[in-house]
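All remarks here apply to the structure that follows.
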Amino acid sequence: MAYNQLEKKDYLKTSLRAYFLQNGFNYGNYQGLGYANVMFPALRKLYKGDDDKLQEVLQENIEFFNTNLHFFPFITSLHLVMLENRTPSKEIRNIKMALMGPLAGIGDSLAQFCLAPLFATIGASLAQDGLIMGPILFFAAMNIILLAIKILTGMWGYKLGTNIIGTLSSKMEQISNIASMIGVTVISGLAVNFVKITTPIQYVAKMPGDQQKIVAVQEMMDAIAPKLLPVLYTGLIFYLIKKKKWTTYKLVILTVILGVILSLLHLIA
């Protein structure tokens with residue numbers, strides 16, 4: 001069936017709904033539920049008359065997602081353009097996941113480490129002089145600028161997607177694969193930096209001349225394959241999620257149990 005086409009105002013409304021992104025936050029899929037909620041009105045219009053397809057698309061977007069809410073509209077606008085052009089869901093997902101990390105870094109840096117300190121300093125200075133304009137300036141400046149960023153990034157995503165989707169449609173699979181590789185690289189970096197697992201196991205090795213040397217297993221592993229234990233445990237978690245369909249709560253309980261038992265046995269530290 002022919003689906004309804006979205007208008008520019010639908011992209012604008014979706015961009016403004018970025019304020020609701022954190023409303024469905026949880027530690028199972030972070031902003032996943034919020035993402036689907038933000039997209040819902042536009043998806044309902046796009047797939048009007050096809051409830052099965054609407055439900056399918058919503059379920060595809062209730063998954064792990066985490067980015068900065070001010071640059072988030074760029075992703076939603078690009079996502080909607082790709083849906084309108086019948087881009088396969090796998091390719092959309094790869095682009096979506098590849099963008100969330102970089103935009104999170106840019107958005108957090110701009111909002112929290114640039115704009116907030118700047119206007120907080122100015123506002124605090126005015127407030128110290130007894131001027132009520134201090135807090136008003138901070139509140140107004142932050143909200144107006146961040147609102148403008150949401151609208152601009154949303155419209156930029158719409159314009160960029162509309163202009164290039166036809167040209168890149170033949171190469172979308174290659175772009176999707178590249179985006180997927182970038183995403184895997186980022187996740188791999190997070191795994192080795194934030195998953196802390198080491199082993200305190202040591203043994204005594206005999207050396208020539210009846211000498212002995214204490215050998216640390218962790219040092220041997222680091223020499224052969226640095227961060228091997230964190231990578232192996234991350235692989236186990238991936239397997240349990242992907243193949244066994246474990247929930248976050250089961251994974252947390254498993255991690256706690258393994259951590260306590262193996263620590264008591266002095267197998268990990």
Side-chain angles (χ1 to χ4, degrees), residues 1-8 10-11 13-15 17-18 21 28-69 71-107 153-191 238-239 241-243 245:
M1 63 176 297
Y3 296 129
N4 300 308
Q5 293 297 306
L6 299 177
E7 301 176 48
K8 194 172 182 178
D10 296 310
Y11 285 87
K13 290 178 181 178
T14 303
S15 299
R17 285 178 62 84
L21 179 62
N29 55 16
Y30 275 56
Q31 298 169 345
L33 187 60
Y35 190 102
N37 178 46
V38 169
M39 296 277 285
F40 179 69
L43 294 177
R44 182 173 56 186
K45 178 177 179 180
L46 183 62
Y47 298 111
K48 186 177 181 180
D50 191 346
D51 293 340
D52 291 338
K53 183 61 177 179
L54 174 60
Q55 184 177 5
E56 177 187 336
V57 175
L58 286 173
Q59 288 179 342
E60 289 175 352
N61 289 288
I62 303 177
E63 61 176 353
F64 176 85
F65 188 84
N66 190 34
T67 196
N68 179 270
L69 63 92
F71 282 75
F72 169 64
F74 178 82
I75 299 177
T76 57
S77 292
L78 192 59
H79 188 161
L80 290 173
V81 171
M82 296 174 76
L83 285 175
E84 283 196 275
N85 286 272
R86 308 297 182 262
T87 305
S89 58
K90 180 181 178 181
E91 296 177 6
I92 296 177
R93 183 178 185 274
N94 288 340
I95 298 295
K96 168 184 165 184
M97 292 301 173
L99 286 174
M100 73 176 184
L103 292 183
I106 296 172
T153 54
M155 293 300 98
W156 181 33
Y158 166 72
K159 183 177 180 180
L160 179 65
T162 303
N163 290 339
I164 70 173
I165 195 70
T167 305
L168 297 181
S169 58
S170 59
K171 299 182 179 180
M172 188 57 68
E173 184 175 356
Q174 296 176 355
I175 296 172
S176 174
N177 290 335
I178 293 172
S180 181
M181 287 188 286
I182 294 173
V184 171
T185 302
V186 172
I187 295 300
S188 300
L190 291 175
F238 176 79
Y239 170 78
I241 294 175
K242 188 74 174 178
K243 300 297 183 180
K245 308 299 181 182

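Atom set for the values below is all heavy atoms of this structure, side chains included, hydrogens, waters and symmetry mates excluded.
- Rounded to the nearest 0.5 Å, atoms NZ (K159) and CZ (F74) are 12.5 Å apart.
- With rounding to the nearest 0.5 Å, the separation of CE in M39 from CD1 in I62 is 12.0 Å.
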Pair L43-L83, side chain to side chain contact (heavy atoms under 4.5 Å, CB included): steps then yes or no: CA-CA 9 Å; L43 294 177; L83 285 175; 3.4 Å; yes

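- Looking at every heavy atom in both residues, L21 comes nearest to Y35 through CD1-N, 3.8 Å.
- With contacts defined as side-chain heavy-atom distances shorter than 4.5 Å, the pair L99/L78 qualifies.
- Taking NZ from K243 and NZ from K245, the interatomic distance works out to 8.0 Å, rounded to the nearest 0.5 Å.
- Taking a cutoff of 4.0 Å between a charged side-chain nitrogen and a carboxylate oxygen, K96 and E60 do not qualify as a salt bridge.
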Side chain to side chain contact (heavy atoms under 4.5 Å, CB included) assessment of Q31 paired with M100: CA-CA 11 Å; Q31 298 169 345; M100 73 176 184; over 6 Å; no

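- Shown here are the side-chain contact (heavy atoms from CB on, under 4.5 Å) partners of F40, two or more places apart in sequence or in another chain: R44, L54, L58.
- Contact between S77 and G154 at its shortest, heavy atoms only, is OG-O, 2.7 Å.
- Within a 6.0 Å radius of OH in Y239, other residues, nucleotides and ligands contribute 12 heavy atoms or fewer.
- The distance from the CE atom of M97 to the CG atom of N66 is 10.5 Å, given to the nearest 0.5 Å.
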